[in-house]
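Let me begin by presenting the structure, written as C-alpha cells, before commenting on it.
By convention in this document, chain letters (A, B, ...) are assigned in the order of the sequence lines, proteins followed by strands, and residues within each chain are numbered from 1.
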Protein chains: 2
Amino acid sequence: MEGSAPRRTRIQQEKRELILEAALEVFSTNGFRGSTIDQIAEAAGMSKPNLLYYFRRKEDIHETLMERLLATWLAPLRELDDIGDPLTELRSYIRRKLEMARDFPRESRLFANEILQGAPRIMPLLEGELKTLVDEKAAIIKGWMRAGKIVRTDPWHLIFSIWATTQHYADFDVQVRAVLGPDRGGDGRFEDAARFLEQLFIEGLKPKG
Amino acid sequence: MEGSAPRRTRIQQEKRELILEAALEVFSTNGFRGSTIDQIAEAAGMSKPNLLYYFRRKEDIHETLMERLLATWLAPLRELDDIGDPLTELRSYIRRKLEMARDFPRESRLFANEILQGAPRIMPLLEGELKTLVDEKAAIIKGWMRAGKIVRTDPWHLIFSIWATTQHYADFDVQVRAVLGPDRGGDGRFEDAARFLEQLFIEGLKPKG
DNA sequence: CTAACGTTTGTCCAATCGGTCAAAAATTTG
DNA sequence: CAAATTTTTGACCGATTGGACAAACGTTAG
C-alpha cells in the first residue's frame with residue numbers, strides 16, 4: 001500500500017527520531033488537538049519550519065507514532081500461546097502488560113487519547129488487525145476452558161479486564177498516586193499492583209475442583 | 001468558599017442547563033483544548049456571544065461540569081458500607097459502577113480526559129476528598145479481610161481494579177465494540193460484562209475454606 | 001573552487017481561537 | 001401602556017494556530 005521505501009540520509013533518520021520522541025511526550029499529555037507544532041519543535045530543539053521539513057503535516061507525525069505504537073502495544077498479546085501452562089501463560093501476559101504500563105506510560109496515554117476520542121484515525125485497525133488477533137487468542141483461551149484448565153468465562157471480557165486493569169496504572173497514574181498518597185504512591189506501587197492483579201486473576205480463574 | 005448563591009431567572013437556569021448538556025457532549029469527545037466555544041454554542045442552539053452571556057469563560061463551563069460530575073461519579077463508592085454481607089456489598093458496587101459506565105459514558109470520558117492530561121484542574125480534589133473517601137472505604141474492606149469474610153488483598157488496588165474494569169466499558173467503548181464485532185458488540189455487551197466481572201471478582205475474593 | 005544537494009531559519013499568511021462590545025430585541029415590572 | 005431589565009446578536013479584536021516559501025547556510029562530490 002505504501003510507496004517504495006523512502007531513501008533517507010543519516011541526518012533525516014536521526015532528526016525524525018528526535019521529533020517522534022518529542023511528539024510522543026507532547027501528544028500523550030495534551031492530546032492531538034491540544035498539542036501545537038511549536039511545542040513539539042521546541043521539545044525537539046528545533047524551529048517549526050525545520051520540523052515541518054521532516055514531517056510535512058502535524059497529522060503525519062501522529063500517524064507515524066500510532067503505527068509504531070500499535071505494533072509494540074500488541075506484542076504482549078501476540079506472545080500468548082497455548083504451549084505452556086494456561087495459568088502461567090496468563091500470569092506472564094498480565095505481568096508483561098503491567099510492565100509496559102510502567103515502562104511506556106506515554107505510549108499508553110497516547111493510545112487512550114485516541115480511543116477516548118472515538119479512534120477517528122485507527123478505527124480500521126481496531127476492526128481489522130486487532131479484532132483478528134483478539135479473536136485468535138480468545139479461541140486459545142476457550143480451548144483451555146474446554147479442557148478444564150481454567151474456569152469457564154467470556155474470553156473477550158477477560159482480555160478486556162486485563163487491558164483495563166494494567167493500562168489503568170499508566171493512563172490514570174496521577175489519580176493512583178494521589179489516592180495512594182506520598183507513602184504508598186512511590187515506585188513500589190507497580191509491585192503492589194502486580195501482586196494484587198496476579199492474585200485476583202489467578203484465584204478468580206482457577207478451575208473449581 | 002463560594003459567594004452567596006447567585007440569584008438566577010428561569011431562563012438563566014434553563015439556558016445554563018442547555019449549555020452544560022451541550023458542553024458535556026463536546027468536551028467528552030474532544031477534550032478541553034480540543035473543544036471550541038463555537039462547537040458548544042452550536043450544539044446548544046445559540047450564538048457564541050449568547051453562550052458567553054451565561055458562562056463568561058470556557059473554563060467556567062468545564063469547571064461547573066467537573067464539580068457536578070465528581071459528586072455523582074463518587075456516589076456508588078459512598079454507598080459502600082459494612083452493613084450487609086461483604087461479597088454482596090462488593091457485587092452491588094461493581095454493578096452500580098458498570099451501570100454508570102453504561103448510562104453516563106460521557107461523564108466517564110470527561111473524567112478520563114481530565115485525568116489523562118494530568119488532572120490539572122482537579123488535582124486538589126483527588127488528593128483531598130477522593131483520597132479521604134477511598135481510605136475510608138479501604139478501611140472497611142480491611143475489616144472484612146480481618147474477619148475472614150473475603151480473601152486478604154490490597155484494598156486500594158482492589159478499588160482501582162473495579163474502577164478500571166467498569167469504566168473501561170465507557171472510556172474504551174469504541175474499542176470494545178470494534179473487537180466484539182457487530183454480533184456481540186450490541187446492547188448485550190454490558191450484561192456480558194456484568195456476568196464476567198461478577199464472576200472474576202467474587203470468585204477471586206471468596207475466602208479460601 | 002564550484003556546483004549540486006541537503007538543511008535551517010525568518011518572515012509571512014489565512015484560518016481559527018477565546019473573548020469584547022454596543023446596540024437591537026425580547027421580556028419583565030410598575 | 002411605558003420604563004426598566006434581561007436576553008440575543010453582528011461586528012469586531014488580538015492572539016494563536018498550521019503551514020508555505022524563499023533565502024540563507026552547510027555539506028559533499030567532482
Side-chain angles (χ1 to χ4, degrees), chain A residues 3-66 110 113-114 117 120-121, chain B residues 3-66 110 113-114 117 120-121:
Chain A
S4 59
R7 193 172 296 268
R8 294 206 178 102
T9 66
R10 182 184 49 85
I11 289 186
Q12 275 172 343
Q13 294 268 6
E14 290 173 2
K15 291 294 172 92
R16 281 175 66 95
E17 288 306 317
L18 204 70
I19 292 168
L20 289 172
E21 158 65 26
L24 175 60
E25 185 72 28
V26 176
F27 279 144
S28 66
T29 56
N30 300 110
F32 180 76
R33 284 213 52 190
S35 306
T36 70
I37 300 183
D38 280 301
Q39 285 176 335
I40 300 172
E42 194 193 333
M46 61 180 71
S47 64
K48 181 169 70 172
N50 196 184
L51 183 148
L52 286 167
Y53 170 73
Y54 293 103
F55 290 91
R56 304 178 63 171
R57 294 180 312 153
K58 182 183 169 185
E59 274 199 86
D60 291 347
I61 310 176
H62 191 264
E63 198 181 310
T64 307
L65 227 36
M66 290 300 296
L110 180 66
N113 249 311
E114 177 70 12
Q117 297 178 6
R121 296 166 237 273
Chain B
S4 60
R7 195 172 295 269
R8 294 205 178 101
T9 68
R10 180 185 49 85
I11 290 185
Q12 276 172 344
Q13 295 268 6
E14 289 173 3
K15 291 294 170 91
R16 281 175 66 95
E17 289 306 317
L18 204 70
I19 291 168
L20 288 171
E21 159 65 26
L24 175 60
E25 185 72 28
V26 176
F27 279 144
S28 67
T29 55
N30 300 111
F32 180 77
R33 285 213 52 188
S35 305
T36 71
I37 299 183
D38 280 299
Q39 285 175 334
I40 300 172
E42 195 193 334
M46 61 179 71
S47 65
K48 181 170 67 170
N50 196 185
L51 182 148
L52 286 167
Y53 169 72
Y54 293 104
F55 290 91
R56 304 177 63 170
R57 295 179 310 153
K58 182 183 171 187
E59 276 200 85
D60 291 348
I61 310 175
H62 192 265
E63 198 180 310
T64 306
L65 227 36
M66 291 299 296
L110 179 65
N113 250 312
E114 178 70 10
Q117 296 177 9
R121 295 165 238 274

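The CD1-C1' distance, from A:Ile61 to D:dG18, rounds to 11 Å in whole Å. Between B:Leu52 atom CG and D:dT8 atom P there is a gap of 13 Å when expressed in whole angstrom units. We find that CD1 of B:Ile19 is positioned 12 Å from C1' of D:dT8, with the value rounded to whole Å. As a whole-Å value, the separation of A:Glu14 CD from C:dT7 P is 11 Å. For the pair B:Ile37 CD1 and C:dC17 P, the computed distance is 10 Å after rounding to whole Å. Atom CG in B:Leu51 sits about 14 Å away from atom P in C:dC17, given to the nearest Å. D:dT9 atom P lies 8 Å from atom CE of B:Met46, rounded to whole Å. Between the CZ atom of A:Phe55 and the P atom of D:dG18 there is a distance of 16 Å, rounded to whole Å.
Surrounding CD of A:Gln39 are more than 12 heavy atoms belonging to other residues, nucleotides or ligands, all under 6.0 Å away. Counting non-hydrogen atoms of other residues, nucleotides and ligands closer than 6.0 Å to CZ of B:Arg56 gives a total of 12 or fewer.
Minimum atom distance to the side chain of A:Asp38 is reached by D:dT17, of the listed C:dG18, D:dT17, D:dT8. Minimum atom distance to the side chain of A:Thr36 is reached by D:dT17, of the listed D:dT8, D:dT17, C:dG19. When distances run from any side-chain atom of B:Tyr53 to the nucleotides D:dT7, D:dT17, C:dT8, the shortest one goes to D:dT7. When each of D:dT9, C:dG18, C:dT20 is scored by its nearest atom to the side-chain atoms of B:Ser47, the top-ranked nucleotide is D:dT9. Candidate nucleotides C:dC17, C:dG19, D:dT8 were compared by shortest atom distance to the side chain of B:Lys58, and C:dG19 ranks first. Checking D:dT17, D:dT9, C:dG18 against every side-chain atom of B:Asn50, the shortest atom distance belongs to D:dT9. Between C:dT11, D:dT17, C:dG19, one nucleotide has an atom nearer to the side chain of A:Pro49 than all others, and that is C:dT11. If you check C:dG18, C:dG19, D:dG19 against the side chain of B:Arg57, the one that comes closest is C:dG19. Of the candidates C:dT7, D:dG18, D:dT8, C:dT7 carries the atom nearest the A:Gln12 side chain, counting heavy atoms from C-beta on. Checking D:dG19, D:dT8, D:dT17 against the side-chain heavy atoms of B:Arg33 singles out D:dT17 as nearest.
Of the possible donor and acceptor atoms, one in the side chain of B:Lys58 sits under 3.5 Å from a partner among the backbone N and O of B:Ser35. Judged by distance alone, with hydrogens and angles left aside, the side-chain atoms of A:Arg16 form a donor-acceptor pair with the main-chain N or O of A:Tyr54 at under 3.5 Å.
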Set out, in order, the CA-CA distance, both residues' side-chain angles and the distance that settles salt bridge (charged side-chain N to carboxylate O under 4.0 Å, His left out) for A:Arg121 and A:Glu59, then state yes or no. CA-CA 10 Å; A:Arg121 296 166 237 273; A:Glu59 274 199 86; 3.5 Å; yes

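With hydrogens and angles left out, the side chain of B:Lys48 and the base of C:dG18 share a donor-acceptor pair within 3.5 Å.
Backbone-only engagement by A:Tyr54 is indicated by non-hydrogen atom pairs under 4.0 Å involving sugar-phosphate atoms exclusively.
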